[in-house]
Amino acid sequence: MVTLSTDLTETSDKPWGRSRVLTALLAVAFALILAKAVGILPEWLNRIPEAAIPPTAQVLDAIFSFIQNDLGLIYVTRFIAEGPLEFLLDTSANLLEGKRRWPYLGPIPWSAIAAVAAVVGYAVGGWKLAALGAGTFIWTAAIGQWKIAMQTMSVIVVAAPLAFLLGLALGIAAWKYGWFERMLKPILSILQTLPFFTYLLPAVIFFKVGPTAGAVATITFAIPPMILMTTLGLKKVSPEVIEAGQMSGCTRWQMLRHVYIPAARTEILVGVNQVIMLCLAMVVLTAFIGMPGLGAKLLAMMGSFKLGRSFEIGITIVLLAVTLDRMSKAWVVKQPVHFERNTPWWKRHQISLVALGLFIGFILLSQLFPILAEVGRKQHLSQGKEIDVVIKSFLAIEAIKGTTEWLRWFLNVKVLIPFRDTLLAIPTPAFILIVVAFAYWVGGRRPGIYAAVFFTIVAFSGWWDRSVITLYTVISAVALATLIGIPLGVIAARSERWSKSILLACDTAQTFPSFIYLIPAIMLFGVNDVAVVFSILIFAAVPLIRYTIIGLSSVPPEMTEAADMSGSTRRQKLMSVQFPLALPTMAVGFNQAIMFAFFMVIIAAFIGTQDLGQELQRTLAGTELGKNFVLGLNVSLMALTFDMAISSWTEQRKKRLGLD
């Protein structure tokens, strides 16, 4: 039996040595700041001189140009883009939206797709999922968004299977060969922290603009979790299952096909869920490179401040996300159905036959009743203009207007701008030393060394001030999200009913594509730093609330009972027992909040910022692939610094608590 104790002592062999290092780092940083304040700091110690900044972007441009043109990679990628990939995309576009391409059978009536969605939902999760599946597609058609939704779905139905197959193959290779996994791990870590703009420009340059580039960016973005979950699942296969397969005389291929993959089914299907959700998230964001569909329409509506129409499109994106998420999660937990040997064929494929029958039936009915094939302009139920009036009337209420204006003024003038200016005023070496001290204090020596290396690379990238502004936005949003999210999580954790409701809301919110969070921010605060921070705050608060509830709910009952018996008040029990034991889990939420914030700060470039996201967005208008990569790498390195420090602290804390 594991004994838990919340009275943790420093486990470092040399605690005084650690304190001295931290003191020295902060003392040097403070001395540099003080020297600048009194005007005796040399300029080369304040900012890296431009002459000392290596031409990394230009070198990368030359390398990419060599690979693209001299080695002929552009011909390979264009062959793929104009050959098999374009063929698949044209086929799906023809079937779903009626694009004039082979096989000239589309568009499939919306009613037929809604009927099949209902059957699939029922098969994996019962009547509730059937209603959700049918309801989502009925809403999409009724609101007049069917064509743009199918433009988005036509890319997803190609990108998701390809990402799954590539991820599965690479995951199997990583599980099979240790050297390949070791090589792949750092690449995956960087890929998972790179901002999405970094995926878009290479796709545009190497592949055709439009759906093809969008599909390539989407596939690349969605592959990493599939690789990781496949590798994890195959490693977890029990020795007994492996022995049984070997004793039955299976070949290597048979072991993989009939033993390992079925045994790792749950993890692989979790990977499928992640692939689907990331594909939907990314295909919406490919609107920035001319990909038509829901993302492009939402971008256009938000750009023209048509919030009612933006709201409706946002609901459609959310419904599609929730439907795909719930159905794929239900598929994960649903166990395969086994039939007896002599079961008739029609009974074994009953669900498929019902789906096929309804599909054909609604196609035939749509020939008699055109509204079942397409909801026309005069027939749809869109209330975009009316919602616009409601939103503007709501925002015009004196109390609402006064509150948002005061908040905008207070946060901008009293909090955000002073904080940003303070960070920008810190000399570069001092800033790096403060970050290193933080990483060393939180995670230990190794994260501290990585922090020094990563932030030094950022300093020599030539984009230091933009990187600091990005970091200021992330820190501001996560700090405010912490002040809101943790108290909400604590309150919700006191009641099992509230915990379930809030966790369900958090699960749903995590399926929302990131564009959605910009809508309330723009509605309330317009286009400024407060709107940027507010949109990130909403996005980042979700994992903080979620993991606070999970952490507090997972505290062993005997620990809380012991605190009750000792006469502790609710506050004493929370601060002395529950929080210390829940902190490792809460740290996971804090880590996710920071990662989400780094992702969202790039999306918020649409609002208008002065950070790396704005520069990344500008690169999409040209062919500056080197600059695009350098900017994306800066975001990735800053995110990895915090990720490594917090992850290291979490592991150390678990060991000290005996939870490892």
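Only heavy atoms go into these numbers, but all of them, side chains included; no hydrogens, no water, no symmetry mates. The shown structure was predicted, so the numbers you read here are calculated from the model rather than taken from an experiment.
Heavy-atom minimum distance, Leu280 versus Leu320: CD2-C, 4.1 Å. Heavy atoms only, all atoms of each residue included: Tyr199 and Phe221 are closest at CE1-CD1, 3.6 Å. When every heavy atom of Val436 is checked against every heavy atom of Gly448, the shortest pair comes out as CG1-O, 3.6 Å. Closest of all the heavy-atom pairs between Leu170 and Leu184 is O-CD2, 4.4 Å. Of all the heavy atoms in Met226 and Val272, the pair that sits closest is SD-N, 3.8 Å. Here the closest non-hydrogen pair linking Phe455 and Ile432 is O-CD1, 3.9 Å.
Rounded to the nearest 0.5 Å, atoms CG (Leu537) and CZ (Phe596) are 14.0 Å apart. For the atom pair Ser461 OG and Leu631 CG, the distance stands at 7.5 Å (nearest 0.5 Å). Interatomic distance, NZ of Lys500 versus CD1 of Ile549, reported as 13.0 Å (0.5 Å rounding). How far CG of Leu73 is from CD1 of Ile205: 11.5 Å, rounded to the nearest 0.5 Å. The structure places CG of Leu269 at 5.5 Å from CH2 of Trp331, a figure rounded to the nearest 0.5 Å. Taking CE of Met302 as the reference point, atom CG of Leu518 lies at 4.5 Å (rounded to 0.5 Å).
When only modelled atom types and interatomic distance are considered, Thr508 and Arg326 share a side-chain donor-acceptor pair under 3.5 Å.
Here the side chains of Ile48 and Trp464 are not in contact, with every heavy-atom distance at 4.5 Å or above. In this structure, Ile602 and Phe196 have side chains that are in contact, with non-hydrogen atoms separated by less than 4.5 Å. Leu228 places a side-chain heavy atom less than 4.5 Å from the side chain of Gln192. Contact of the Ile148 side chain with the Pro292 side chain is not registered, since no non-hydrogen atoms from C-beta on lie closer than 4.5 Å. Contact of the Thr266 side chain with the Val332 side chain is registered, since non-hydrogen atoms from C-beta on lie closer than 4.5 Å. Proximity of Met282 to Leu200: side-chain heavy atoms (C-beta onward) are separated by under 4.5 Å at one or more points. Within the 4.5 Å cutoff, the side chain of Pro195 has heavy atoms near those of the Leu616 side chain. Using a 4.5 Å heavy-atom cutoff, the side chains of Pro202 and Asn628 are in contact.
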| task | Report the C-alpha distance between Leu423 and Leu471 in whole Å, list the side-chain angles of each, state the deciding distance to 0.1 Å, and finish with yes or no for side-chain contact (heavy atoms from CB on, under 4.5 Å). | result | CA-CA 9 Å; Leu423 292 183; Leu471 196 57; 5.6 Å; no
| task | Take Val76 and Phe206 through the test side-chain contact (heavy atoms from CB on, under 4.5 Å) and record every step on the way to the result. | result | CA-CA 9 Å; Val76 177; Phe206 287 100; over 6 Å; no
| Can you check side-chain contact (heavy atoms from CB on, under 4.5 Å) on Phe164 and Ile219, steps first, answer last? | CA-CA 9 Å; Phe164 162 72; Ile219 291 165; over 6 Å; no
| said: Determine whether Glu181 and Lys235 satisfy the following criterion, salt bridge (Lys or Arg N to Asp or Glu O under 4.0 Å), listing intermediate values before the conclusion. | reply: CA-CA 12 Å; Glu181 184 184 13; Lys235 283 181 177 178; 2.6 Å; yes
| message | Would Thr230 and Ile172 count as a side-chain contact (heavy atoms from CB on, under 4.5 Å) here? Give the steps. | response | CA-CA 7 Å; Thr230 300; Ile172 291 170; 4.1 Å; yes
All N/O donor-acceptor pairs, side-chain side in residues 583-594, below 3.5 Å, sequence neighbours left out:
unit_1	atom_1	unit_2	atom_2	d
Asn591	ND2	Asp643	OD1	2.8
Asn591	ND2	Ser647	OG	3.4
Gln592	NE2	Tyr547	OH	3.3

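With Gln151 contributing its side chain and Gly293 its backbone, the two residues share a donor-acceptor pair below 3.5 Å. With hydrogens and angles disregarded, a donor-acceptor distance shorter than 3.5 Å links the side chain of Thr220 to the backbone of Val216. Looking only at distances, no side-chain donor or acceptor of Ser553 sits under 3.5 Å from a matching main-chain atom of Ile550. With Ser65 contributing its side chain and Asp61 its backbone, the two residues share no donor-acceptor pair below 3.5 Å. Without hydrogens or angle criteria, Ser92 side chain to Ser154 main chain gives a donor-acceptor distance under 3.5 Å. Between the side chain of Ser648 and the backbone N or O of Gly443, at least one donor-acceptor pair lies under 3.5 Å. Between the Ser499 side chain and the Ala492 main chain, a donor and an acceptor come within less than 3.5 Å of each other. Looking only at distances, no side-chain donor or acceptor of Thr136 sits under 3.5 Å from a matching main-chain atom of Thr323. Looking only at distances, a side-chain donor or acceptor of Ser328 sits under 3.5 Å from a matching main-chain atom of Leu324. Although no hydrogens or angles enter the test, the distance criterion places a donor-acceptor pair under 3.5 Å between the side chain of Thr152 and the main chain of Leu294.
For CZ of Arg446, the number of neighbouring non-hydrogen atoms (other residues, nucleotides, ligands) closer than 6.0 Å is 12 at most. By the 6.0 Å contact criterion, CD on Gln68 is enclosed, its count of non-hydrogen atoms from other residues, nucleotides or ligands being greater than 12. With a 6.0 Å radius and a threshold of 12 heavy atoms from other residues, nucleotides or ligands, Phe180 has its CZ atom above the threshold. Within a 6.0 Å sphere centred on CZ of Phe599, other residues, nucleotides and ligands contribute more than 12 heavy atoms.
In summary, the aromatic rings of Phe197 and Phe288 are positioned with their centroids under 6.0 Å apart.
Below 30°, between 30° and 60°, or above 60°: for Phe642 and Phe598 the angle between ring planes is between 30° and 60°, a tilted geometry.
Each of Thr428, Ile434, Val435 was evaluated against Phe431; a single residue qualifies, Val435, per the side chain to side chain contact (heavy atoms under 4.5 Å, CB included) test.
Look at Arg546 and Asp507 and you find a salt bridge, because one of the NZ, NE, NH1 or NH2 atoms lies within 4.0 Å of a carboxylate O, short of that distance. Taking a cutoff of 4.0 Å between a charged side-chain nitrogen and a carboxylate oxygen, Glu615 and Lys627 qualify as a salt bridge. Ion pairing between a basic and an acidic side chain is recognised when a charged N comes within 4.0 Å of a carboxylate O; Glu86 and Arg78 show no such pairing.
The side chain to side chain donor-acceptor pair (under 3.5 Å) test applied to Thr77 returns no partner, not counting sequence neighbours.
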